[in-house]
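FYI, the numbering just counts along the sequence from 1. Below, each value reflects all heavy atoms present in this structure, side chains not excepted, and no hydrogens, waters or symmetry copies.
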Amino acid sequence: MDLFEYMRGANMEKEAPLAARMRPRTLDEVVGQEHIVGTDRLLYRAVQADKLSSIIFYGPPGTGKTTLARVIANTTSAEFMQINATVAGKKDMEEVVAKAKELQGMYGKRTILFIDEIHRFNKGQQDYLLPFVEDGTVILIGATTENPYFEVNGALISRSIIFELKPISKEAIKQLMEKAVYDKERGMGAFDAVVEEDALDFLADIAGGDARRALNAVELGVMTTGRGADGKIHITLDVAQECIQKRAVRYDKSGDNHYDTISAFIKSMRGSDADAAVYYLARMLYAGENVAFIARRIMICAAEDVGNADPAALGVAVNAALAAERIGMPEAQIILAQAAAYVACAPKSNSSSQAVFDAMEEVRRSGDLPIPAHLKDAHYKGAVKLGRGTGYKYAHDYPNHYVEQQYLPYELNGKEFYKPSGNGYEVKIREHMKRIRKEAGSSGEKDD
């Protein structure tokens, strides 16, 4: 490296974005991802001992995949090379492999190859790397936002350890932002700025686990905000909103507003108002509510308030929950909106939910009443001698696959729990039950 190249690198580092300057330099500086870099974890021990094998970092943007690779670069005695799969081709990999072989042959030095966005490599490019990873010519560190089990060559996967990075916690992001504002060596400390607590809370919440997004907002705020009467730059909630172009919504996930909003959402679906349901859904999503929590409420509403008036509603809600979990935000909002609108517009009946509530009350009142003998299990030895199953009528042997016999305990004979409503599909259920019971009665096929 000549003097000009050194000076260019120094200037680039000085003028780099805040998020790049604040990258941790050692594992001990890493905030978050304790499940991977905790002092008792495999990756921490391997890096400290400089005994790294091929690994793949998988996780959402801004969670520290490149950061961990750079920390390893600062720690290892091996040669560290980096390429980006979005722009690199086979020639770039050939040059890396050739240099790695030279270092290994002449100096016995290992080479670590960091490939950012490794999922962008096609199958042929990934196949090219395989023999050199297998024979130890290069130690691979891959980083990807996509599930590696779908996007990375299975042979590479089998020779690598997969580390999944989670969205960084709100508290960890707040810690990073505070350090960035006041750090005079790498942060914005020289600007004499002050960040308010509610601004930190807002940015940490809106960042959604993406530390880069939060730090970019902080940098923009400090660089574009004028000084106050005290000569300091104040990063207030209003400034934070401007920097990230999103209004702060009053929504405490553990407070009254959280429960008020979800209550309004459920009652809107129950009340068949799709417009209100989608509106309250949007408020929750905008404020960063947990997608799984919202999906659970839609499923409950589908069963409790729609029930058998539209049996498909629960299927829609369950499938929406699974799809939203697999896809994640922002696309999950489309899936949840479809499910919420469907449940809101579906015919309503709480007959099935009321049935179980009434039955629970009966169980509490009357206790464990004897089960009719003909319904009891007759498969074990001696059951027939005890009268178990004797006299049971197999419904499929009768017209309409129905026969009248005593199913409830005799003490509850004639008791009704499930009473189909006059809405939606329950009209058909009610008519069907009425018809088959009438036909069974007229044919004389009754319980003895």
Side-chain angles (χ1 to χ4, degrees), residues 251-327 329 332-368 407-409 412 414-434:
Y251 191 86
D252 181 358
K253 293 181 185 177
S254 61
D256 290 345
N257 195 260
H258 161 79
Y259 293 105
D260 288 344
T261 309
I262 195 65
S263 176
F265 176 59
I266 294 166
K267 289 171 180 173
S268 297
M269 287 191 293
R270 180 183 297 142
S272 299
D273 192 327
D275 298 312
V278 172
Y279 168 75
Y280 290 116
L281 170 65
R283 277 182 53 162
M284 290 187 288
L285 292 173
Y286 193 94
E289 180 58 86
N290 186 296
V291 167
F293 172 77
I294 298 172
R296 285 197 297 271
R297 305 318 298 179
I298 297 175
M299 288 188 283
I300 293 168
C301 188
E304 181 180 2
D305 297 305
V306 176
N308 287 333
D310 183 356
L314 183 57
V316 170
V318 170
N319 285 325
L322 293 172
E325 178 187 357
R326 291 181 181 182
I327 293 173
M329 289 292 286
Q333 63 186 320
I334 303 168
I335 297 163
L336 294 175
Q338 177 190 350
Y342 187 98
V343 171
C345 295
K348 301 297 188 295
S349 172
N350 69 342
S351 296
S352 54
S353 57
Q354 190 59 50
V356 74
F357 297 149
D358 291 345
M360 289 290 287
E361 182 58 36
E362 180 60 47
V363 170
R364 279 191 290 268
R365 186 187 67 79
S366 56
D368 295 333
Y407 289 101
L408 281 169
L412 300 179
K415 184 78 174 179
E416 287 187 56
F417 294 108
Y418 178 49
K419 302 170 186 176
S421 71
N423 286 340
Y425 188 74
E426 282 197 321
V427 173
K428 292 185 177 181
I429 293 175
R430 189 169 61 181
E431 291 174 351
H432 168 73
M433 295 306 299
K434 183 178 179 181

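Rounding to the nearest 0.5 Å gives a distance of 7.5 Å between CG of Leu322 and CE of Met299. Here the CD atom belonging to Glu361 is positioned 9.5 Å from the OG atom belonging to Ser366, to the nearest 0.5 angstrom. Asn308 CG to Arg430 CZ: the interatomic distance, rounded to the nearest 0.5 Å, is 13.0 Å. With values rounded to the nearest 0.5 angstrom, Leu285 atom CG is found 10.5 Å from Asn290 atom CG. Rounding to the nearest 0.5 Å places CG of Asp358 at 12.0 Å from CZ of Arg365. Atoms OH and CD, on Tyr286 and Gln333 in that order, are 12.0 Å from each other to the nearest 0.5 Å.
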Verdict with supporting geometry, Arg297 and Ile262, side chain to side chain contact (heavy atoms under 4.5 Å, CB included): CA-CA 8 Å; Arg297 305 318 298 179; Ile262 195 65; 3.5 Å; yes

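Val291 approaches Ala324 most closely through the heavy-atom pair CG1-CB, 3.8 Å. For Lys348 against Val343, the heavy-atom pair with the smallest separation is NZ-O, 3.0 Å. Between Ala274 and Ala344, the shortest heavy-atom contact is CA-CB, 3.7 Å. The two residues Val316 and Ala339 have their closest heavy-atom pair at CG1-CA, 4.1 Å. Heavy-atom minimum distance, Pro347 versus Val306: O-CG1, 3.4 Å.
With a 4.5 Å cut-off on side-chain heavy atoms, Glu362 and Leu412 count as touching. The shortest distance between side-chain heavy atoms of Asn350 and Phe357 does not fall below 4.5 Å. Residues Ile298 and Phe265 meet the side-chain proximity criterion, which asks for heavy atoms closer than 4.5 Å.
Arg364 CZ: more than 12 foreign heavy atoms inside a 6.0 Å radius. By the 6.0 Å contact criterion, OH on Tyr342 is enclosed, its count of non-hydrogen atoms from other residues, nucleotides or ligands being greater than 12. For Met360, the CE atom counts as loosely surrounded, since its 6.0 Å shell holds 12 or fewer non-hydrogen atoms of other residues, nucleotides or ligands. Surrounding CD of Gln338 are at most 12 heavy atoms belonging to other residues, nucleotides or ligands under 6.0 Å away.
Checked by atom type, the side-chain pair Glu426/Ser421 shows a donor-acceptor distance below 3.5 Å.
Panel note: side chain Lys419, backbone Ala355; no donor-acceptor pair is recorded below 3.5 Å. In this structure, Asp273 contributes its side chain and Ser268 its backbone to no donor-acceptor pair below 3.5 Å.
Salt-bridge formation is not detected for the pair Lys428/Glu431: no Lys NZ or Arg NE/NH1/NH2 atom is positioned less than 4.0 Å from an Asp or Glu carboxylate oxygen.
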